Amino acid sequence: MVEGDIPTDHPRYDSLVTRHRIEAGVEAGITSKQGLVAEGRGEAFDYLLGERTLPSADAAARAAAAHLLLAAHPVVSVNGNAAALVPDELVALADAVGADLEVNLFNRTDERMETIAAHLREHGAREVKGLDADARIPGLDHARAKVDADGIADADVVLVPLEDGDRAAALSALGKVEIVIDLNPLSRSAQVADVPIVDNILRAIPNITAHARDLAGAERAELERVLDEFDADAALDAAERAIRTGDLDGG
């Protein structure tokens, strides 16, 4: 079955689309085999969240949009799973907020980096960073430390979908505003983020873009008000409560 054969009214449509895209990503050399495991773990949490965007996640997406619009140099970090799942959506978000796209991988090879960059360009990206790797994130001993000097290293706001906890902590230690998309509210990534979005990346990225377009003409004071009204701890608590109790309306 190809993605176009999946009936849109299927009750598990998003789940089936996700599985198909990850599988295709592995075959194309975009996603690592470990990415299959990571996606399955995330899908389990999404199932507990009712496979829907909670009100708290929507508020987080709006705060993320405000941060990206206020940023002097926003960067959207892209790993293999993100590239496989939402390439068009990542490009649209970067365009909406004037952000750079930068590929960053744990299982990094030159071939895989080039494959992902080419994949993003095929989906409309004009420039993709990450291939130069002429700077490093301090405190990391693996390939995720490799970043571009004029990309993540220079960014003031970084969106890190499907993040690894140690890099999330390292970026936070550098004083960067960090936006994380993670379906597990108890993960280290979500816990250290300035804006944790507990949602499926298939929903979260388009939602941030929609909020960014809605806020595009807003005065700085209005964007700052959106940030002032957002409470990261409350958002995490709401997501955890929804998972534990099944009360999705209260999330």
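The figures that follow rest on heavy atoms only: side chains count, while hydrogens, waters and symmetry mates do not. Keep in mind the model is a prediction, meaning the values are calculated, not measured.
Across all their heavy atoms, Asn184 and Phe45 have their closest contact at CG-CZ, 3.5 Å. The two atoms that bring Glu178 and Ala168 nearest to each other are OE1-O, 2.7 Å, heavy atoms only. In plain terms, the two heavy atoms of Leu215 and Ala66 that are nearest each other are CD1-N, 4.3 Å. A pairwise comparison of heavy atoms in Ala193 and Ala232 identifies O-CB, 4.4 Å as the closest pair. A pairwise comparison of heavy atoms in Asp156 and Ala72 identifies OD2-N, 2.8 Å as the closest pair. The heavy-atom pair separating Ala212 from Ala65 by the smallest distance is N-CB, 3.5 Å.
With values rounded to the nearest 0.5 angstrom, Asn207 atom CG is found 12.5 Å from Leu202 atom CG. Here the CG-CD1 distance, from Leu49 to Ile243, works out to 4.0 Å after rounding to the nearest 0.5 Å. Phe230 CZ to Arg225 CZ: the interatomic distance, rounded to the nearest 0.5 Å, is 14.5 Å. The structure places CD of Glu102 at 9.0 Å from CG of Leu131, a figure rounded to the nearest 0.5 Å. Going from atom CZ of Arg241 over to atom CG of Leu236 covers 11.0 Å, rounded to the nearest 0.5 Å. The distance from atom CZ of Arg126 to atom CG of Leu120, rounded to the nearest 0.5 Å, is 13.0 Å.
Shown here is Lys146, whose NZ atom has no more than 12 heavy atoms of other residues, nucleotides or ligands within 6.0 Å. The local environment of CG in Asp141 is sparse, with at most 12 non-hydrogen atoms from other residues, nucleotides or ligands closer than 6.0 Å.
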Apply salt bridge (charged side-chain N to carboxylate O under 4.0 Å, His left out) to residues Arg112 and Glu114 and explain how you reach the verdict. CA-CA 5 Å; Arg112 191 167 168 233; Glu114 292 283 359; over 6 Å; no

Would you check, one step at a time, whether the test side-chain hydrogen bond (donor to acceptor under 3.5 Å, both in side chains) holds for Ser187 with Asp182? CA-CA 8 Å; Ser187 75; Asp182 195 319; 2.8 Å; yes

Hey, mind stepping through Asp199 and Leu54 against side chain to side chain contact (heavy atoms under 4.5 Å, CB included) and telling me if it holds? CA-CA 8 Å; Asp199 201 3; Leu54 300 177; over 6 Å; no

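At a threshold of 4.5 Å between side-chain heavy atoms, the hydrophobic network of Ile, Leu, Val, Met, Phe, Trp and Tyr places Phe106 and Ile201 in two separate groups. When the side chains of ILVMFWY residues are joined at heavy-atom separations under 4.5 Å, either directly or via intervening members, Leu85 and Met113 end up in a single hydrophobic cluster.
The shortest side-chain heavy-atom distance between Val195 and Leu159 does not fall under the 4.5 Å cut-off. Between Leu70 and Glu224 the shortest side-chain heavy-atom distance falls below 4.5 Å. Side-chain contact check for Leu223 versus His67: every heavy-atom pair is 4.5 Å or farther apart. Under the 4.5 Å side-chain criterion, counting only non-hydrogen atoms from C-beta, Val128 is not in contact with Ile116. In this structure, the side chains of Leu48 and Arg244 stay at 4.5 Å or more apart for every pair of heavy atoms. Residues Leu105 and Arg144 have side chains not in contact (no heavy-atom distance under 4.5 Å, counting atoms from C-beta outward). Residues Val157 and Ile179 have side chains in contact (heavy-atom distance under 4.5 Å, counting atoms from C-beta outward). Contact of the Pro138 side chain with the Leu174 side chain is registered, since non-hydrogen atoms from C-beta on lie closer than 4.5 Å.
Test Val91, Leu93, Val97 against Asp95 for side-chain contact (heavy atoms from CB on, under 4.5 Å) and you get one pass: Val91. Test Val180, Ile137, Leu140 against Leu171 for side-chain contact (heavy atoms from CB on, under 4.5 Å) and you get one pass: Ile137.
A donor-acceptor pair is defined here as one N or O able to donate and one able to accept, closer than 3.5 Å; no such pair exists between the side chain of Asn104 and the backbone of Val78. The backbone N or O of Asp134 lies less than 3.5 Å from no partner atom in the side chain of Asp132, so there is not a single donor-acceptor pair.
A donor atom on one side chain and an acceptor atom on the other are found under 3.5 Å apart for Arg167 and Ser77. No side-chain N or O of Asp150 forms a donor-acceptor pair with one of His73 less than 3.5 Å apart.
Using a 4.0 Å cut-off between a side-chain N of Lys or Arg and a carboxylate O of Asp or Glu, Arg62 and Asp214 qualify as a salt bridge. Asp46 and Arg203 are joined by a salt bridge, as a carboxylate oxygen and a charged side-chain nitrogen come within less than 4.0 angstrom of each other. Contact check on Glu127 versus Lys129 returns a salt bridge, with a Lys/Arg side-chain nitrogen under 4.0 Å from an Asp/Glu carboxylate oxygen.
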